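Report on one structure; see the data block that follows.
Throughout, protein chains are lettered first and strands after them, A, B, ... in sequence-line order, and every chain is numbered starting at 1. Just so we're clear, the structure is a prediction, and the values are computed from it rather than from any experiment.
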Amino acid sequence: MAEGQKGAFAAGFSLLWRRQNVLWWVFVVNFLCGILGILPATVNLSQALHGRLAADRLGSPFDLGMYVELLRLPDVDISRYNVGAFVFAFVFFLFMLFVTGGIIETYREDRRLSTGDFFASSGAFFWRFVRLLLLSIIPFLMVGMVHSGLQKLADHIGDRAIADQVSIFLSLAAFVIFLLLALWVRLWFDIAQVRAVVQNERRMWRNLWRSWRITWHDLGALFWMYFGIALLAWIVTAICLVLWSKTPGTATPLTFLLLELIIFTHLASRLWQLASATTWYQRHAELVPADRVDYVTPHPEEVVEAEPSTPPPPADPGPELPPTDA
Amino acid sequence: MNRLLRPCLPFVVLLWSIGALAQSPFAPKVTGPLSKRVVAYQIDAKYDPPTHTVAASETLTYHNLTGQPLDTFPFHLYLNAFQPKSTWMYEAHRDGSFRTSNFDTWKPEEYGSNEVTSLEVVGMGDLTKQMKFISPDDGNPNDKTVFQVKLPRPVAPGQDVIFKIRFKAKFPEVIARTGYKRTFLLAGQWFPKVGVWWHGQWNCHQFHAMTEFFADFGTYDVKVTLPKEDVIGATGVQVSDQDNGNGTKTVAFHAEDVHDFAWTADPNFKVVEDDFVGSVGKVRIRLLTYDGHKHEWQPYIDCALQSMKAFDDWYGPYPYAQLTVVDPPHGATEAGGMEYPTFITGDSAWFIPKGVHLIDLVTEHEFGHQYWYGMVATNEFENGWLDEGINSYTEVKVLDNMYGENASIINLLGGQLGERNFQRLGYLSSPDMDPLSRISFQDVSAGTYADITYGKTATMLVSLEKVVGEQTLRNALHTYFMRYRFTHPTQEDFMRTVNEVAGQDLSWYWNQAVYGTQVMDYEVKRADSTQVTWYDENLKEKKGETEYETQVILHRKGDFVFPVDAEVKFDNGETLRERWDGKDRWARYVYRKKAQIASVQLDPDYQITMDRDYLNNSKATESNHAAIHKLATYWLFITQFLAQMLSWFA
């Protein structure tokens, strides 16, 4: 990992730590969405188990048969849980789509924005990010198709192999490739989001194209930065799950804390990636012309970006991406 | 004989005797015959792996023990079921799936066939042209799973008739208990098999998607010629292995007092062997498995040993010399979980978490079929519950014995599932669709057949323990096994035996559980306490001094009448047990005590597994919030995780 990326990795974490109020707010909203998502089903469940001794069998150990019977009862409509969970998961998705502009702006400025400024910047970039989201469907679909093809290939080879492991490991490999490709697409679109905020870019096709070139130029280092952060989150998840597996079935508060820690870690890792991407972009891109975005009536501004591999012409105000020391 | 060899004669005889003993199909303390041997099959089969076909000649000697002359003989040709227009395929397609296969579209590799190229009856000539396909169950003219041949003259009672049949079998890619996968072959239902003369007529049903088989006991001498690198296992015991010098070998097997013959071959098989020593001596366990399943070898053997011991102790001896256990390769699940006489197939995988007892579940079940199908050879087409169902019940008992009542299927990460609850969940999926007594292949769907045949039978027998006692029911099954092994009993034989051993007429139970579709559902309708002097406005409640009247009303919501216990607890720690015969729609219990009701629970020991709703079986004054908190914690986590995953795309 190049020095610059090491710096972005650590600086991203430092930025996440300094601006941790953003993370806490995101976590609280996620938690509230979760609570609202399960509320109807939990109320329903409480009524169904009210004064029922069969509930004892759902303690420790947890009787899976009784749980299935509970969900099958006409009074306990599991679809309420499913609908609630999906609706509020989608609400959180919309929330994150909305506030990503504000989050990046907070990281760019590295200061605590007022609530008004935060939501103003969120609103200013919302539609641009919606456009980016729609555009991201194409590469994500392509990644999905690649995975589908790889999975079919794994099945084909695995079906002809004598050892079970061949099929399992090939499927696993296909899945890992899918995850890495998806992470790469995420990285590309994150750089596009950061660039949209920092450069106040309005034209998303152009933004995407330039972000692609930026990402591609420093792909190895950037990718390892993203991958490292994600890997850390999954390591913490694994540790939490191991601890959870050793937790007594009656220790619900401890289980709650461990599971919430997993959620918090994943949200933190996502914001860490955004903070690192913002830091990296700011270090490697020269901003033209202003460091502040006019949220009300932004003027179109010409951004000059040099080809990453082309040395900057002397008369130019300066390329956005000078060759790095990577 | 050469004079020089004469002194060696005793040794030769001894060696021959030892050889003969080693090849005996029975355990050391067993001598045959154990059954009325109606049939004797001699088959010489040549297997061609590249085309997955077998070309064979079969000599069937049929002993006419029916007491009347017979001039018509029906035969099964099961592999013809795997053709688009067969009754089997129609039923499988109608129900959407069969075991792990789905039949939305026709797949050419699922094609299988049995073709009889010639049929001769000794002394009566070539009768190939007399063969006629028949469809006794549904009249499907395109079904070729049963053919009938009419002889020019009848076979007199007590006489034998010898059929000489040449046939070709083409195996499908594994489907419904037979077929190939890569180099693996499970040859089940592969040869023309004569029907059973039963209750004064031929019983030879077409092959149906839901149900299995029915055949007469006899002897089998089968030679299989196959590539010499193949490892082979089969019903019975191996009696010879001859290298043909042309890259093939011929392996001969012998079995007695069995009613079917299956074999398997694969060059990649690994053989693991162990011995079970039971009440009739040593039985060889021969596991055919794969290197990739090394972690599962010992669980297979352990389960077979424990199952054999439980059956030997509880129900009766396993009289054969060998049990062959086949662990199918990956992708061949359709070959797994199947029983043939002295030969079963299990199910495993490269990785099974400790605490998930899949191998035990399947291996025990298939071994149990050696008793309920293999020896007590009921008609699987018509009374599936007598083999699959009783076997599911004994599976509950054996697995409970191995792993405990509530954790015999899954015991992982704090979650548990017991075999009795597993069977109960199956039953609860369709408790009132079909009675057990219905002709099994006429059940409404394959799903219902499974729920009723396996789940309901196991559930209703576990519930019956409440009436007759666990030990009595075990004794009844022992008597039923010993009395009817190597015969074809009916469902009435089973129920009569249980009545007899239990010493009571259980018709009231059988009428509901076997012949009926009644559903059992009891609930605690009311449980509360009020002050006896409720009219006294000045009275202050004082624990231990104030007198209360407690009302408990039990309600029978379902149509199934069954005696039930209720445990009544008061807040002073006093506990009472009431028994209600359940005949009326409701029962009221009134108590006057210086204590208030704490809880009422019907069937507090969870013995009446037929009760469709456990949750309405109790009322308590205090709720257990721990369960709700626990569930809410997990649901919350799943929802939050889903939300953060989705937001990753934002």
Report summary line: Honestly, the part of Ser599(B) sitting under 4.5 Å from a heavy atom of chain A is side chain

Using distance only, find each side-chain donor-acceptor pair of residues 85-104 of chain A under 3.5 Å and give its atom names and separation, not counting sequence neighbours.
unit_1    : atom_1 : unit_2   : atom_2 : d
Thr100(A) : OG1    : Met96(A) : O      : 2.4

Query raised in the report: So, for Phe169(A) and Trp350(B), is the gap between ring centers shorter than 6.0 Å?
Result: yes

**Report entry** Structural part of Ser348(B) lying under 4.5 Å from a heavy atom of chain A
**Finding:** neither

Report task. Measure distances from His625(B) to the heavy atoms of chain A and classify the residue's part below 4.5 Å as side chain, backbone, both or neither. Result -> neither

Report task. Give, as side chain, backbone, both or neither, the part of Arg270(A) having an atom under 4.5 angstrom from any heavy atom of chain B. Result -> side chain

Query raised in the report: Would you say Arg52(A)'s side chain and Asn617(B)'s backbone share a donor-acceptor pair under 3.5 angstrom?
Result: no

Query raised in the report: Do Arg612(B) and Glu69(A) come close enough that some side-chain heavy atom pair is under 4.5 Å?
Result: no

Requested in this report: Would you kindly check if the NZ (Lys) or CZ (Arg) of Arg57(A) is within the cone defined by 45 degrees around the ring axis of Tyr606(B) and under 6.0 Å from the six-membered ring centre?
Outcome: yes

Query raised in the report: Would you call the rings of His266(A) and Phe641(B) parallel, tilted or perpendicular, where under 30° means parallel and over 60° means perpendicular?
Result: perpendicular

Requested in this report: With a 4.5 angstrom heavy-atom cut-off, could you sort out which part of Ile410(B) is near chain A: side chain, backbone, both or neither?
Outcome: side chain

Requested in this report: Please look at Ile409(B) and chain A and tell me whether the side chain, the backbone, both or neither of the residue comes under 4.5 angstrom of a heavy atom of that chain.
Outcome: neither

Query raised in the report: Taking atom types as modelled and ignoring hydrogens, do the side chains of His50(A) and Ser623(B) form a donor-acceptor contact shorter than 3.5 angstrom?
Result: yes

